[in-house]
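Just so you know, these numbers come straight off a predicted model, no measurement behind them. Just so you know, these numbers use all the heavy atoms, side chains as well, and skip hydrogens, waters and symmetry mates. In the text below, chain A, chain B and the rest are named by the order of the sequence lines, each starting its count at 1.
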Protein chains: 2
Amino acid sequence: MAETTEQAPKTTRPSRARRREEILAAATRVFGSKGYHQGSLGDVAAQVGITHAGVLHHFGSKDKLLWEVLEYRDRVDVQHLEGKHIPGGMDLFRHLVLTARLNADRRGIVQAYAVLTGESVTDGHPASSWVAERFSVLRGEISQAVRDVAAERDVSLRDGEAERTAAAVIAVMDGLQLQWLLDPDAVDLAAATAAAIESILTATLGGPVDLVVED
Amino acid sequence: MAETTEQAPKTTRPSRARRREEILAAATRVFGSKGYHQGSLGDVAAQVGITHAGVLHHFGSKDKLLWEVLEYRDRVDVQHLEGKHIPGGMDLFRHLVLTARLNADRRGIVQAYAVLTGESVTDGHPASSWVAERFSVLRGEISQAVRDVAAERDVSLRDGEAERTAAAVIAVMDGLQLQWLLDPDAVDLAAATAAAIESILTATLGGPVDLVVED
DNA sequence: CGGGGCTTACTAACCGGTAAGTAAGTGTGG
DNA sequence: CCACACTTACTTACCGGTTAGTAAGCCCCG
């Protein structure tokens, strides 16, 4: 594969920042398609046309690269929000449904998330605390939205019901992603996610909800 | 009879069947705690006090060992059914809730399932077809149960709604397991699973469902 | 002309799998 | 009832391949 290293394809060598971004994008693809343990620094390096030592030059170690990949994913994930901060109340659930719809065309990122999340359950995995923290934050945000909407509608919630609902919403999104990744024809990610969230919310709030999104 | 001491095999070598079972149990622990790629044959072998070549003597290759581990998990998983075949109709959902309750005390098996399922999303993973097949069968069984219960109640389902509901039920179970594994204090596996399934079914069937299980 | 970006070269650790040897059991014919 | 043939259950040794990480040096750009 490394034929002639001779060639100056670009006018200048990419700047440090740009090169790092290239590597992060490549690492996302590699870790997403092969997992963290099975995806090697050599694989990542090959995708940007350098050697694995070149990658280490920028990130120091594989673990540090993973951490930056995870932060990078977060950045990309909220990119379409375009500055507007993460919504609350019923808009949060519309945002989740919209995200699922967008995800149906971003298989790579979804796969990276699924693989790393599953892998993080293994003992001492470098991503486990990141994933756990992420779940915790998400549960907090979503359960707050549940409480807000319930208050708005004068619905009283049982003890811990907001948290249970939040966990269920996250769970159904992750679980559907998994099934969709393994068999895209068997599961319509956007439709199934919307229907499931609607079911869960309707049951919790005791009345119909409107998740229609137009944009 | 009097002469031939039908001795308990304490000092003798374990029989083939027993040894294989020992190795399968060890492999379940290893793959569950470290994943398939990261868990080595040496790890498995050490747990039964032999070398990695000894493990290969019994199973031929690491891939074949994994396959038998997956079947082994299935066997253990339905063990509590005690001969009675997998139920249908509303009993199937009660069975799922019961399984979740039992799983809360079988962390190892749940972890193995979660890790291998997540890993299976990677390209060319030896377990991917097994997991995909498993999801497919489960969706089929559960969607049939949904249709049966709907017919029983004279509820008409929209096109593909039974399948969507089935996918959501599986998804919420898997997703909650993931969150529970990463933070057992934050999620009550049994309660959250029961509540989520009840929500989804209630929405699909347009009326209350009874998931109470006693045994 | 200096330093960052990168390569080449190397190391030490593992990995799964194979081959060959060995000790212990099992079956059987005389 | 036992000797001999054969099988089973491993072990030790080794192979080729892959891995992350280190060290040192080259080269191009500003």
For [X], give me all partners under side-chain contact (heavy atoms from CB on, under 4.5 Å), at least two apart in sequence or on another chain.
X         : result
Glu163(B) : Ser143(B), Arg147(B)
Gln47(B)  : Ala26(B), Arg29(B), Val30(B)
Asp148(A) : Gln144(A)
Glu133(A) : Val137(A)

Contacts table for residues 189-201 of chain B: side-chain donor-acceptor under 3.5 angstrom, sequence neighbours left out:
residue   : atom : partner   : partner atom : Å
Thr193(B) : OG1  : Leu189(B) : O            : 2.6
Ser199(B) : OG   : Ala195(B) : O            : 3.0

When you check the phosphate oxygens OP1 and OP2 of dA9(D), does a side-chain N or O of Arg19(B) lie under 4.0 Å from one of them?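 Negative; the distance criterion is not met.
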If you measure from the Lys or Arg side-chain nitrogens to the Asp or Glu carboxylate oxygens, is any gap between Glu161(A) and Arg164(A) under 4.0 Å?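 No.
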Enumerate the salt bridge (charged side-chain N to carboxylate O under 4.0 Å, His left out) contacts for residues 121-130 of chain A, please, sequence neighbours excluded, ordered by first and then second residue.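 Sorted pair list comes back empty.
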Going by number, which of residues 121-128 of chain B have a non-hydrogen atom under 4.0 Å from DNA chain D?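 Heavy-atom contacts with DNA chain D come from no residue of residues 121-128 of chain B; none.
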Which residues within residues 26-34 of chain A lie with some heavy atom under 4.0 Å of an atom in DNA chain D? none
All pairs passing ring pair (Phe, Tyr, Trp, His ring centres under 6.0 Å) where residues 18-39 of chain B contributes a residue, at least two apart: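 Passing the test, one end in residues 18-39 of chain B: Phe31(B)-Tyr36(B), Tyr36(B)-His125(B), His37(B)-His125(B).
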Have a look at Ile50(A) and say if it touches a base, only the backbone sugar-phosphate, or nothing, with a 4.0 Å heavy-atom cut-off.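 If one applies the 4.0 Å heavy-atom cut-off, Ile50(A) turns out to touch the sugar-phosphate alone, with no base involved.
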Between N or O atoms, less than 3.5 Å apart, protein on one side and nucleotides 19-22 of chain C on the other: list the pairs.
none

Between protein and nucleotides 10-15 of chain C, what N or O pairs are separated by less than 3.5 Å?
residue : atom : partner  : partner atom : Å
dC15(C) : OP1  : Ser40(B) : OG           : 3.4

Nucleotide dG17(C), atom C1' - distance to NZ of Lys64(B) in whole Å: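 Answer to the nearest Å: 12 Å.
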Less than 3.5 Å apart, which donor and acceptor atoms pair up between the side chains of residues 174-185 of chain B and the rest of the protein, not counting sequence neighbours?
residue   : atom : partner   : partner atom : Å
Gln179(B) : OE1  : Arg139(A) : NH1          : 2.9
Gln179(B) : NE2  : Ala167(A) : O            : 3.0

